[in-house]
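Treat the numbers as computed from the prediction; the structure is a model and nothing was measured. In this chain, numbering begins with 1 at the start of the sequence shown.
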Amino acid sequence: MTIVVASSNPVKARAVEAGFRRAFPGEAFAVAPLVVDHGTRDQPSGDAETLWGARTRASLARAAAPSSDFAVGIEGGVEEIDDGLAAFAWVVVQTKGIEGRSRTGTFFLPDEVTKLVRTGAELGAACDEIYSVANAKQKGGAVGLLTNNVIDRTALYEHAVVLALIPFLEPRG
């Protein structure tokens, strides 16, 4: 089984691999990162734009690698809720006319990070600046920083990958 992930970010590839291993134990597969010109903003805002970004990534990966068994798009976003800024991601899995999708858990960002994101900074860059780290989004991400890596970005995405695979799984009773 061949799975293309519409990103060069190793966190996304690890999450896809872990999710597929959990959903399809014993299956042999290869996960291949694929850079696509997805056309989304660096920091999508709102549920609809973030889902659109994940779907667009998956569709472009599928078109670029039509012989792959699955194409996966993952897009992280933020959304204003009440007086806070929440972070989450959408995962879209596509194959021959079937699409699965799921959203990760949601968490609220601290005020210092929120201020930077609201001025146009991408969440990863804002975290790098506030927490004096380098390239957080290719490591534990904001969620890893904020939970002391109890939940890192890979784990956050992994569950959503499994949930997005529901249309491809056989129910067992």
Side-chain angles (χ1 to χ4, degrees), residues 1-24 27-80 85-107 109 117 120-128 135-144 152-169:
M1 178 175 358
T2 304
I3 305 148
V4 290
V5 181
S7 177
S8 62
N9 188 321
V11 168
K12 293 179 179 183
R14 284 193 303 270
V16 168
E17 182 175 352
F20 270 79
R21 286 206 190 287
R22 289 181 69 176
F24 301 106
E27 291 284 330
F29 58 86
V31 175
L34 179 67
V35 177
V36 296
D37 184 14
H38 50 85
T40 59
R41 295 187 295 160
D42 286 343
Q43 186 55 72
S45 182
D47 210 41
E49 181 183 0
T50 307
L51 175 56
W52 179 86
R55 182 173 280 139
T56 299
R57 284 177 179 270
S59 296
L60 291 170
R62 183 109 182 100
S67 64
S68 65
D69 296 296
F70 294 93
V72 182
I74 301 175
E75 190 68 61
V78 296
E79 183 171 31
E80 295 284 347
L85 192 62
F88 60 91
W90 273 99
V91 175
V92 173
V93 178
Q94 295 179 346
T95 191
K96 303 172 182 83
I98 302 171
E99 178 179 277
R101 61 183 182 229
S102 180
R103 185 175 151 160
T104 66
T106 301
F107 59 98
L109 300 170
V117 173
E122 187 265 335
L123 177 56
C127 286
D128 288 353
N135 208 9
K137 72 181 191 175
Q138 292 196 354
K139 297 175 185 165
V143 70
D152 65 11
R153 195 172 184 211
T154 302
L156 182 70
Y157 291 171
E158 178 184 340
H159 289 120
V161 169
V162 172
L163 294 171
L165 288 170
I166 287 174
F168 310 102
L169 297 172

S.K.: Rounded to the nearest 0.5 Å, what's the gap from CG on L156 to OG1 on T106? Could you check?
M.R.: 8.5 Å
S.K.: Quick one, V93 and E99 - any side-chain contact, counting heavy atoms below 4.5 Å?
M.R.: no
S.K.: For residues L109 and L123, determine if any side-chain heavy atom of one lies less than 4.5 Å from a side-chain heavy atom of the other.
M.R.: yes
S.K.: Within the supplied structure, the quantity of interest is the number of heavy atoms (other residues, nucleotides, ligands) at a distance under 6.0 Å from R101 CZ; does it exceed 12?
M.R.: no
S.K.: So how far is it from N9 CG to I74 CD1, rounded to the nearest 0.5 Å?
M.R.: 8.5 Å
S.K.: Considering all heavy atoms of both residues, which atom of S102 and which atom of L163 are nearest to each other, and what is their separation?
M.R.: OG-CB, 3.3 Å
S.K.: Report yes if the side chains of K96 and R62 come closer than 4.5 Å at any heavy-atom pair, otherwise no.
M.R.: yes
S.K.: What are the two closest non-hydrogen atoms of A58 and V92, and how far apart are they?
M.R.: CB-O, 3.8 Å
S.K.: Please report the interatomic distance CD(Q94) to CZ(R57), rounded to the nearest 0.5 Å.
M.R.: 13.0 Å
S.K.: If I compare all heavy atoms of F88 with all of V78, which pair ends up nearest, and what's the gap?
M.R.: CE2-C, 3.8 Å
S.K.: So which heavy atom on V36 is nearest to which on A6, and how close?
M.R.: CG2-CB, 3.8 Å
S.K.: State the OG1-CG distance between T56 and D37, to the nearest 0.5 angstrom.
M.R.: 11.0 Å
S.K.: Report the distance from atom CG of D47 to atom CZ of R103, rounding to the nearest 0.5 Å.
M.R.: 4.5 Å
S.K.: Distance check, rounded to the nearest 0.5 Å: F168 atom CZ versus T95 atom OG1?
M.R.: 6.0 Å
S.K.: Write down the atom of G76, the atom of T50, and the distance for their closest heavy-atom approach.
M.R.: C-CG2, 3.8 Å
S.K.: Closer than 3.5 angstrom, by distance alone: can the side chain of D69 be matched with the main-chain N or O of I3 as a donor-acceptor pair?
M.R.: no
S.K.: Give the minimum heavy-atom separation between R153 and K139, together with the two atoms involved.
M.R.: CB-O, 4.0 Å
S.K.: Under 6.0 Å between ring centres, would you say that holds for F70 and F29?
M.R.: no
S.K.: Would you call E122 and R41 a side-chain contact if the rule is heavy atoms closer than 4.5 Å?
M.R.: no
